[in-house]
Amino acid sequence: MLTFLALASVVLLGIVPEQTQAIVIYTGWERHALLGSDVRVSCFFFSWRWTSEDVTFSWTYRPDGSRDSISIFHYTGGMAYVDNMSPFRDRVEFVGNPGRRDGSILIKNLDYADNGTFTCDAKNPPDIVGRPSSVRLLVFEKVPIQAGVITGAIIGVVLGLLVLIVVIYYLMRFLVARRVFSLSVRALRLPPTPPR
């Protein structure tokens with residue numbers, strides 16, 4: 001009977017317990033950056049709810065060759081907090097916009113020791129269930145040429161050669177036609193030679 005009264009009051013008063021839904025977090029797969037440069041490490045989330053004032057972003061870092069992650073940054077209550085024990089304490093800056101579901105950070109003055117995996121976790125209460133997303137950072141002295149650039153260059157060269165061949169073909173055709181026309185006009189203008 002008590003259960004029936006509780007359910008009836010919920011229905012009559014419109015009091016429905018707020019349910020939690022999943023949150024989906026997005027980062028890139030891999031970022032390449034130059035030694036000494038700054039890099040933006042992006043983190044976005046999708047939630048069925050409006051962006052809460054209690055939205056949080058947490059960033060951790062796992063250096064290459066390590067099993068342990070280090071907390072480097074946290075955003076909550078409209079304030080950004082950099083972990084004082086992290087290797088990025090003087091080099092990380094919050095550049096995201098929580099209202100647009102963006103929890104991106106900027107890492108300054110990159111070093112080879114910064115190679116590793118950065119993981120972003122976001123919460124948009126009541127949506128707090130979701131899988132954190134990771135992005136791998138690779139720091140280079142010179143950014144390597146990626147396969148897509150090489151493939152694009154090859155396709156561009158092949159198309160350029162095809163266009164050049166077509167242009168040469170039509171140019172030759174035009175020149176031959178002009179020469180034939182010129183000979184036929186010259187033959188019409190010449191006076192007949194008298195018989196001897």
Side-chain angles (χ1 to χ4, degrees), residues 1-33 37-140 146-148:
M1 184 69 173
L2 186 58
T3 305
F4 176 76
L5 288 175
L7 287 174
S9 65
V10 165
V11 170
L12 291 175
L13 296 175
I15 302 172
V16 177
E18 200 164 336
Q19 293 183 350
T20 300
Q21 299 211 359
I23 186 170
V24 181
I25 304 162
Y26 303 97
T27 59
W29 286 92
E30 194 170 82
R31 289 297 314 259
H32 295 179
S37 68
D38 301 346
V39 67
R40 179 186 175 113
V41 185
S42 299
C43 174
F44 297 94
F45 72 87
F46 172 78
S47 171
W48 289 102
R49 309 273 180 192
W50 291 99
T51 306
S52 167
E53 291 179 10
D54 298 326
V55 67
T56 64
F57 294 98
S58 298
W59 281 93
T60 59
Y61 165 70
R62 184 175 46 82
D64 281 348
S66 175
R67 292 183 179 181
D68 300 326
S69 291
I70 305 164
S71 175
I72 61 169
F73 178 83
H74 190 68
Y75 176 91
T76 186
M79 299 291 294
Y81 301 94
V82 177
D83 193 319
N84 291 333
M85 302 303 288
S86 87
F88 303 98
R89 64 183 160 271
D90 299 326
R91 301 185 296 130
V92 68
E93 176 184 337
F94 183 66
V95 292
N97 181 347
R100 293 187 175 206
R101 301 173 179 207
D102 178 5
S104 302
I105 57 174
L106 181 73
I107 302 170
K108 302 176 183 178
N109 193 21
L110 291 172
D111 189 45
Y112 291 123
D114 299 336
N115 284 324
T117 303
F118 291 81
T119 302
C120 176
D121 192 14
K123 308 286 185 216
N124 185 35
D127 295 349
I128 58 172
V129 178
R131 176 182 292 174
S133 184
S134 298
V135 58
R136 182 169 156 77
L137 175 65
L138 298 171
V139 179
F140 296 99
Q146 296 179 353

Working to the nearest 0.5 Å, report the span between [atom1] of [X] and [atom2] of [Y].
{"X": "T119", "Y": "Y61", "atom1": "OG1", "atom2": "OH", "value": "11.5 Å"}
{"X": "S133", "Y": "F118", "atom1": "OG", "atom2": "CZ", "value": "13.5 Å"}
{"X": "L137", "Y": "T117", "atom1": "CG", "atom2": "OG1", "value": "9.0 Å"}
{"X": "I107", "Y": "F88", "atom1": "CD1", "atom2": "CZ", "value": "5.0 Å"}
{"X": "F44", "Y": "T27", "atom1": "CZ", "atom2": "OG1", "value": "10.5 Å"}

>> Considering only residues two or more places apart or on different chains, which pairs with a residue in residues 91-108 satisfy side-chain hydrogen bond (donor to acceptor under 3.5 Å, both in side chains)?
In response: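 Applying side-chain hydrogen bond (donor to acceptor under 3.5 Å, both in side chains) to every pair that reaches into residues 91-108, excluding sequence neighbours, yields R40-D102, R40-S104, T51-R101, R91-D114, E93-K108, D102-S104.
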[X] and [Y]: which non-hydrogen atoms are nearest, and at how many Å?
{"X": "L110", "Y": "A33", "answer": "CD1-CB, 3.3 Å"}
{"X": "T56", "Y": "T76", "answer": "CG2-OG1, 3.3 Å"}
{"X": "S42", "Y": "W59", "answer": "O-CH2, 3.9 Å"}

>> Restricting to ring pair (Phe, Tyr, Trp, His ring centres under 6.0 Å), what partner residues turn up for Y112, sequence neighbours left out?
In response: none
> Taking the side chain as C-beta and beyond, is there a heavy-atom pair between I25 and D121 under 4.5 Å?
Replying inline: yes
> Quick one: does F45's side chain get under 4.5 Å of D127's, heavy atoms only?
Replying inline: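 No, every pair of side-chain atoms sits at 4.5 Å or beyond.
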Do side-chain atoms of [X] reach the backbone of [Y] as a donor and acceptor pair under 3.5 angstrom?
{"X": "N124", "Y": "W50", "answer": "yes"}
{"X": "K123", "Y": "I128", "answer": "yes"}
{"X": "D38", "Y": "N109", "answer": "yes"}

Return a table of donor-acceptor pairs under 3.5 angstrom between the side chains of residues 67-75 and protein atoms on other chains or two or more places apart.
from : atom 1 : to  : atom 2 : distance (Å)
H74  : ND1    : F57 : O      : 3.4
H74  : ND1    : S58 : OG     : 2.6

